[in-house]
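Heads up, the thing below is written out as structure tokens.
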Amino acid sequence: MDMSAPIPVSVAKQFLSRPQANLIGKERAPAISGRTIKVLDPATGELLMTTPDSGQEDIHRAVMAARAAFDSGPWTRMTPYERARLMLKLADLIEKHQGELAEIETLDTGKPIMASRYVDVPLTLNQFHFFAGLATKVRGNTMTLSCPYTPGQQFHSYTLREPVGVAGLITPFNFPMLLGAMKIAPALAAGCTIVLKPDERTPGSSLRMAELALEAGIPEGVFNVVTGGPDAGAALAAHDAVDKIAFTGSTEAGRSILRAAAGNLKKVSLELGGNSPNIVLDDADVAAAVQGAGFAAYVNMGECCVAGARLFVQDKVYDQVVEGLIGYANGLKIGAGIDESTQMGPLITPQHLDKVCGYIESGRQAGAKIVAGGERVQRPGYFVQPTVVTNTRDDMKIVTDEVFGPVATVSRFSDVDQVIRQANNTMYGLAAGVWTRDLSKAHRMASALQAGTVWINCYNIFDTALPFGGYKQSGWGRESCPEAIDLYTQVKAVCVAL
């Protein structure tokens, strides 16, 4: 992609300053209640846009539009090739508007513009290209039966993999465009219709993508977006006309979604919290491990479910790694995400800033040592310094909880078996990292670590071919891989007597 000439920020601001509305069918609709949500720029605290504060009635309208599009609209009657072509048209429009979308994402979330341009938008495109290619490859199987109570009778038996129906998609604030695409693309490829409920703090890119979907020719009612808070998400999860819920967010919120979805026993997939261990062994390339540890802990301001927040370092290289990580943290340029030189932006809200600072203070009070950062940045917006914490214990809240901010705790270890036990001593199991030159040891550790993804001598490497999801209370199901189609389809067995 050509990123050399990004669209001026005024184009993104022009979109954000428009009166925003839900997209239901092909109509732009305010909340029936008339209530709105003020979305603030996390870099300044100023008003960025106003969106509908939707409730149960708005969700119902969107679900009924998706239901009609699935039951009687053209989407399910299209061939997979026709659906794939429309998905590729949408991808072309995303690419055409990549500069605008990147800047909307940065203004909305606070993340550095370079990350939006070179990570979020390309990975979003990768999702649509990948699953458009899979749309024509959703297939069943044939089989020869050996029914024991019909000797001599022959049957023609096969399976069909069919779209599950209306999919409710609920996405978080930290990667709204990318994590939205990880659900939208496989759902559309499978033949589902969707109702997307983005996080109320960062709905901009979702609303813009829905407009582009209509422009691409995706039929009305197939791609609906409703903005609102947790009540809107709960209404979507509970709706009896929704056949599938895909949710990304905290583990606590995931439990609430699961309870709401129980009424009609709809299919549910969950990508939830994490508190990932990142382990540096004595024989690691220390310079690479330090860079990897910093990237793992501080990328996206630490507002990242796979953040390598728990760093474990073996004795011989402990001091060297801590010194390097302090230098990495202190060297990051903090500022508004829209500034191209910014390496770390603000946290999403003042409430989240208070929460992260509360964890840092709890660590300090419990005897941990703050060796870098640990303070708010005195400027407008919701900024905190990238923080390195040592002298920790495994029972400290700053170690056990998902802080979801730019905080790395560093623990010393001697024995590899010991550190594996420490790494696995968490309710989460989303990701892990291992740094070592001994690949035999690396593979053994990868097998022992209880995580959905293990990176060896790297971190935060994503590709749509790789499954993404967690063990334990980090979620159910796998996204961003061919198997993601399974989340939006169901299998029908057909048996024909010959």
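All figures in this text were calculated on a predicted structure; none of them were measured in a lab.
Interatomic distance, Glu103 CD to Gln98 CD, rounded to the nearest 0.5 Å: 10.5 Å. A distance of 11.0 Å separates OG1 of Thr106 from CG of Leu101, quoted to the nearest 0.5 Å. Between atom CE of residue Met177 and atom OG1 of residue Thr202 there is a gap of 11.0 Å, rounded to the nearest 0.5 Å. One finds the CG atom of Leu179 at 6.5 Å from the SG atom of Cys305 (value rounded to the nearest 0.5 Å). To the nearest 0.5 Å, the span separating CD1 on Ile338 from OG1 on Thr44 amounts to 11.5 Å. Atom OG in Ser54 sits 11.0 Å away from atom CD in Glu200 (nearest 0.5 Å).
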* **Thr251/Gln473 under side-chain hydrogen bond (donor to acceptor under 3.5 Å, both in side chains): CA gap, chis, key distance, verdict** => CA-CA 7 Å; Thr251 296; Gln473 294 185 44; 5.6 Å; no

* Is there a salt bridge (Lys or Arg N to Asp or Glu O under 4.0 Å) between Asp120 and Lys111 once you walk through the steps? -> CA-CA 10 Å; Asp120 294 46; Lys111 70 177 61 189; 2.6 Å; yes

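Taking every heavy atom of both residues into account, Val384 and Pro406 meet most closely at CG1-CG, 3.5 Å. Closest heavy-atom contact between Phe383 and Ala43: CE1-O, 3.7 Å. Nearest heavy-atom pair across Val195 and Ala62 is CG2-O, 3.6 Å. Considering every non-hydrogen atom in both Leu86 and Pro219, the closest pair reads CD1-CD, 4.2 Å. In terms of heavy atoms, Glu211 sits closest to Leu23 at N-CD2, 4.3 Å. Taking each heavy atom of Ala181 and Phe128 in turn, the nearest pair found is CB-CE1, 3.8 Å.
Gln422 and Asp394 form a side-chain donor-acceptor contact under 3.5 Å, judged by distance and modelled atom types alone. Between the side chains of His60 and Glu57, no donor N or O sits under 3.5 Å from an acceptor N or O. Remark: the Thr248 side chain and the Lys183 side chain contain an N/O donor-acceptor pair separated by less than 3.5 Å. Between the side chains of Thr50 and Gln20, not a single donor N or O lies within less than 3.5 Å of an accepting N or O. Between the side chains of Thr464 and Asn126, at least one donor N or O lies within less than 3.5 Å of an accepting N or O. For the residue pair Asp401 / Tyr359, a side-chain donor-acceptor distance below 3.5 Å is found, with atom types taken as modelled. Judged purely by distance below 3.5 Å, without hydrogens or angles, the side chains of Asp199 and Thr171 never pair a donor atom with an acceptor atom. Under the 3.5 Å distance criterion, with hydrogens and angles disregarded, a donor-acceptor pair is assigned to the side chains of Lys244 and Ser269. In this structure, a donor-acceptor pair under 3.5 Å is absent between the side chains of Ser205 and Arg208. A donor and an acceptor atom, one from each side chain of Thr489 and Arg161, are located under 3.5 Å apart.
For the pair Val494/Thr159, no side-chain contact is recorded, criterion being any heavy-atom separation below 4.5 Å from C-beta on. Residues Lys267 and Leu487 have side chains not in contact (no heavy-atom distance under 4.5 Å, counting atoms from C-beta outward). Residues Cys192 and Val166 fail the side-chain proximity criterion, which asks for heavy atoms closer than 4.5 Å. With a 4.5 Å cut-off on side-chain heavy atoms, Met114 and Gln343 do not count as touching. Looking at His156 and Leu145, their side chains never come closer than 4.5 Å, going by heavy atoms from C-beta outward. Counting only heavy atoms from C-beta outward, the side chains of Leu207 and Thr51 approach each other to under 4.5 Å. Contact annotation: the side chain of Met143 never approaches that of Tyr158 to less than 4.5 Å [non-hydrogen atoms, C-beta and beyond]. Proximity of Leu188 to Ile218: side-chain heavy atoms (C-beta onward) are separated by under 4.5 Å at one or more points.
Although no hydrogens or angles enter the test, the distance criterion places no donor-acceptor pair under 3.5 Å between the side chain of Arg259 and the main chain of Gly254. Panel note: side chain Lys266, backbone His239; a donor-acceptor pair is recorded below 3.5 Å. Judged by distance alone, with hydrogens and angles left aside, the side-chain atoms of Ser474 form a donor-acceptor pair with the main-chain N or O of Gly429 at under 3.5 Å. Without hydrogens or angle criteria, Lys13 side chain to Ile104 main chain gives no donor-acceptor distance under 3.5 Å.
Ring to ring, Trp455 and Phe462 are close: their centroids are under 6.0 angstrom apart.
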